[in-house]
Amino acid sequence: MKNKEIARIFNEIAEFLEIKGDNPFRIRAYRKAAQNIESLTEDLSVLIAEGRLTNVPGIGKDLAEKITEYVNSGKMQSYEDLKKDVPRGILEIMSVPGVGPKTARMLYDALGIDSIEKLEEAAKFHKLQKLPKIREKTEANILKGIEFIKRSRGRIPLGMAWPVAYKIVNSLKKQDIVKCIDTAGSLRRYKDTIGDIDILVVSSEPEKVMDIFVSLPLVGDVLAEGETKSSIRTRNGIQVDLRVVEEKSYGAALAYFTGSKAHNIRIREMAARKGLKISEYGIFNSMGKWISGREESDVYQAVGLPWIPPELREDTGEIEASQSGHLPELVELTDIKGDLHDHSNWSDGENTIEEMADAAKKRGYKYLAITDHSRALGVARGLDEKRLREQIETIRKLNGRCRDIVILCGTEANIGMNGLLDLPPELLKELDIVVASVHSGFKQDRTGMTERVIKCMRSGLIHVLGHPTGRLLGERDEYEIDMGEVLKVAKETNTAIEVNAYPFRLDLTDYNCKRAKEIGVRMAVSTDSHFTEQLDYMSLGVSVARRGWLEKNDIINTYSLEKLKQWLKRE
DNA sequence: GCCGTTTTCGGCCCGACTGTTTTCAGTCG
């Protein structure tokens, strides 16, 4: 599957073209195409074979030819030419905040700077100040930017950003002058990683709000401070943008700052065709008169659409779906009836089975599966046959005593290199639920890994495939696996695919969820909790499911206990 | 480079803040 590679190449081409000062709309076309390819649920080579490539929005005759060329030959001539034309180092310089294509080009032309190291060196020796349009401040900002890059490892996992956002929102909420406050941006869209935190406020005294914001204790650097917009960087390196608007603009501003950019552009284009203008200040008619914008739904109403949930706003089909009245009824946290992947202190969890069950009960669940690690995972004190049998006995006794919640006996069995599980089949068949996951041999090649997982699913012994791509955000990439094939076999064998809600996993990913739904695969949203508080990760898992367009019925742990049991018995 | 319910050519979302300038280009979202 070359989708990702091609998306990366298109993004890189866009950067090269920016440096060359090419037509901005052409650049946008490449970026848009890259984005659409990334969220594509089908393999580009399939689209080529079926002649459907230009059906993909943003891909016309030219880009279709380039994609075909790359898929067939492994090369794209125009990209190779650009690489020869523009030194790669300039791209690196552009990654420094505040340095865009123009500055990067100038730095290269004037001083031959083609790496961050050289840029840092030149800035430290004040060589940049000799250049036009660069004086002390710009030079200092470049150094700060470099410092930031060195410290940060790119985007932050959603689960890490939330507590920071929560803290800031709560501090500001206490102020009388803050009338309304919400998070926006990728955080509100619940993207699995976020670039920065966006916060929107209504206040009649914006300057005061800004003052309070930039002097919060967690502020490290103030990047910008204006009358309506300020940016800070927290001590631990997360950028936070705050915007203050009037009450009558709140809806329009919320829509605008929630994004995504691509989604907004589509909405604004639609508005323009109706002779309207949409900005963060509201909806305006052709005379420039303010019409509406108090509520977020005003924006959608202006273009004749129903309100679209933030999780869907990626311009990946949600606008078309809403036009035709086919927006999904997204699953809600309250639809979840239980958690199907949880650990206890029998393996590497911290709490007893009983504590976990109580915590689940508190969250209103009807059932909780205890799926401790199995034998092969020695580091996690995986249970062998004997201990698992003891655990089953323990759980049966607990279930006898407690009537409010049912504990399901399970395991997170280990899928070996050969696709076999590490517990005997007859024991696995006794369990209520078997989750099976890969925990080792991540470097296996694509064919091997795909066969390994498929073989396991075909064994008829597992109900759920756990954290299917094995990624750990910021640490480990997804392992090589043919997800299309895996999903097909999941459908055939009626195996559910897990959406693991652990903040650093969020695996299966949103776009693969969408793909799974299209194929008709059932999903399980589970937290993989290792102590009771982690049960709350469920909301993150649900957000991934929502971003993947999943509805209640796609997810087995929205089922009642009876229905779930039937499903688990494959009746 | 894409796209089309006025169009196969001429459009392509809209605005804030900074730093360097004396009116704006560059960058960012």
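Note on naming: letters A, B, ... go to the chains in the order of the sequence lines (proteins, then strands), and numbering restarts at 1 for each one.
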For this session: Round to a whole Å and report the spacing from CG of Leu223(A) to P of dG26(B).
Result: 22 Å
Exercise. Within this structure, what is the CZ-to-P distance between Phe25(A) and dG11(B), rounded to whole angstrom?
Worked result: 11 Å
Exercise. Are side-chain N/O atoms of Gln534(A) and Asp536(A) paired as donor and acceptor at under 3.5 Å?
Worked result: no
For this session: Name the closest nucleotide to the Asp198(A) side chain, picking from dG29(B), dC13(B), dA16(B).
Result: dG29(B)
For this session: Please give the nucleotide sitting opposite dT8(B) as a Watson-Crick or G-U wobble pair, both distances under 3.5 Å, or none.
Result: none
Exercise. Given that Val99(A) and Thr54(A) both sit by DNA chain B, which one's nearest nucleotide is further toward the 5' end?
Worked result: Thr54(A)
For this session: Determine the interatomic distance between P on dG10(B) and the same-named atom on dC17(B); round to the nearest Å.
Result: 37 Å
Exercise. Which nucleotide in the set dG15(B), dC12(B), dT27(B) lies at the smallest distance from any side-chain heavy atom of Tyr281(A)?
Worked result: dG15(B)
Exercise. Rounded to whole angstroms, how far apart are CD1 on Ile134(A) and C1' on dT27(B)?
Worked result: 13 Å
For this session: Using whole Å, report how far CE of Met106(A) lies from P of dT27(B).
Result: 9 Å
Problem set entry | Nearest-Å distance for atom pair CG/P, residues Leu131(A) and dT20(B) | 12 Å
For this session: Classify the nucleic acid contact of Ser231(A) as base, sugar-phosphate or nothing, counting any heavy atom under 4.0 Å across all strands shown.
Result: nothing
Seminar exercise, completed: Per atom distances to the Ala224(A) side chain, the nearest of dG19(B), dG29(B), dC17(B) is dC17(B)
Exercise. Would you find a donor on one side and an acceptor on the other, under 3.5 Å apart, between the side chain of Glu15(A) and the backbone of Asn11(A)?
Worked result: no
Exercise. So, Asp554(A) side chain and Glu551(A) main chain: donor-acceptor pair closer than 3.5 Å or not?
Worked result: yes
Problem set entry | Side-chain-base donor-acceptor pair under 3.5 Å for Asn23(A) and dG1(B) | yes
For this session: In whole angstrom, give me the gap between the C1' atoms of dG29(B) and dC13(B).
Result: 12 Å
Problem set entry | Distance, P atom - from dT18(B) to dG11(B), rounded to whole angstrom | 34 Å
Problem set entry | Donor-acceptor side-chain pairing of Asn55(A) and Arg52(A) below 3.5 angstrom | no
For this session: Between Leu276(A) and Asn141(A), just flag the one whose closest nucleotide in DNA chain B comes earlier from the 5' side.
Result: Leu276(A)
Problem set entry | Thr138(A) vs dT20(B): side-chain N/O to OP1/OP2 distance below 4.0 Å | yes
Exercise. Is the distance from OP1 or OP2 of dT21(B) to the nearest side-chain N or O of Arg135(A) less than 4.0 Å?
Worked result: yes
For this session: Write down the distance separating the P atoms in dA16(B) and dT22(B), rounded off to the nearest Å.
Result: 23 Å
Problem set entry | Given dT20(B), dA16(B), dC2(B), the nucleotide with the shortest approach to the side chain of Asp62(A) | dC2(B)
Problem set entry | Selection from dC12(B), dG26(B), dA16(B) that lies nearest to any side-chain heavy atom of Lys102(A) | dG26(B)
Exercise. Side-chain donor-acceptor pair under 3.5 Å between Thr183(A) and Arg188(A), yes or no?
Worked result: no
Problem set entry | Euclidean distance for C1', dA25(B) against dT20(B) (whole angstrom) | 9 Å
For this session: For dC13(B), take OP1 and OP2 only and decide whether either is under 4.0 Å from a side-chain N or O of Arg268(A).
Result: no
For this session: Would you tell me if any nitrogen or oxygen in the side chain of Lys66(A) comes within less than 4.0 Å of OP1 or OP2 on dG1(B)?
Result: yes
Problem set entry | Short side-chain donor-acceptor distance under 3.5 Å, Glu5(A) and Tyr70(A) | yes
Exercise. Using the C1' atom in both, what is the distance from dG4(B) to dT8(B), to the nearest Å?
Worked result: 8 Å
Problem set entry | Exercise: do Tyr502(A) and Asp507(A) side chains pair donor with acceptor under 3.5 Å | no
For this session: Could you check whether Ile59(A) gets within reach of a base, just the sugar-phosphate, or nothing at all, counting any heavy atom under 4.0 Å?
Result: sugar-phosphate
Problem set entry | dC3(B) phosphate, OP1 or OP2, under 4.0 Å from Lys61(A) side-chain N/O | no
Exercise. Of the nucleotides dC13(B), dC17(B), dC2(B), which has the atom closest to the Leu63(A) side chain?
Worked result: dC2(B)
For this session: For nucleotides dG19(B) and dC12(B), find the distance between their P atoms and express it as a whole number of Å.
Result: 31 Å
Problem set entry | ring pair (Phe, Tyr, Trp, His ring centres under 6.0 Å) between Tyr511(A) and Trp549(A), intermediate numbers included | CA-CA 9 Å; Tyr511(A) 59 90; Trp549(A) 294 51; over 10 Å; no
For this session: Nearest whole angstrom, please: distance from the P of dC17(B) to the CD of Glu227(A).
Result: 7 Å
Exercise. Looking across every strand, which nucleic acid part, if any, lies under 4.0 Å from Arg243(A) by heavy atom: base, sugar-phosphate, or nothing?
Worked result: sugar-phosphate
For this session: Would you indicate what Pro132(A) reaches in the nucleic acid, counting non-hydrogen atoms under 4.0 angstrom: base, sugar-phosphate, or nothing?
Result: nothing
Exercise. The side chain of Pro101(A) lies closest to which of these nucleotides: dT27(B), dC12(B), dT18(B)?
Worked result: dT27(B)
For this session: Verify the contact: side-chain N or O of Thr103(A) to OP1 or OP2 of dT27(B), cut-off strictly under 4.0 Å; return yes or no.
Result: yes
Exercise. Expressed in whole Å, how much space separates the C1' atoms belonging to dT6(B) and dG1(B)?
Worked result: 23 Å
For this session: Could you work out which one of dG1(B), dG15(B), dC12(B) sits closest to the side chain of Ala29(A)?
Result: dG1(B)
Exercise. For Lys261(A), which contact category applies under a 4.0 Å heavy-atom criterion: base, sugar-phosphate, or nothing?
Worked result: base
Exercise. Pro24(A) near the nucleic acid: base, sugar-phosphate alone, or nothing, with a heavy-atom cut-off under 4.0 Å?
Worked result: nothing
Problem set entry | Phosphate OP1/OP2 of dC14(B) contacted by Asn264(A) side-chain N/O (<4.0 Å) | no
For this session: Would you kindly say whether His263(A) and Glu318(A) are connected by a side-chain donor-acceptor distance under 3.5 Å?
Result: yes
Seminar exercise, completed: Separation of dC14(B) atom C1' from Ile265(A) atom CD1, nearest Å, is 9 Å
Exercise. How long is the line joining NZ of Lys133(A) and C1' of dT22(B), in whole Å?
Worked result: 11 Å
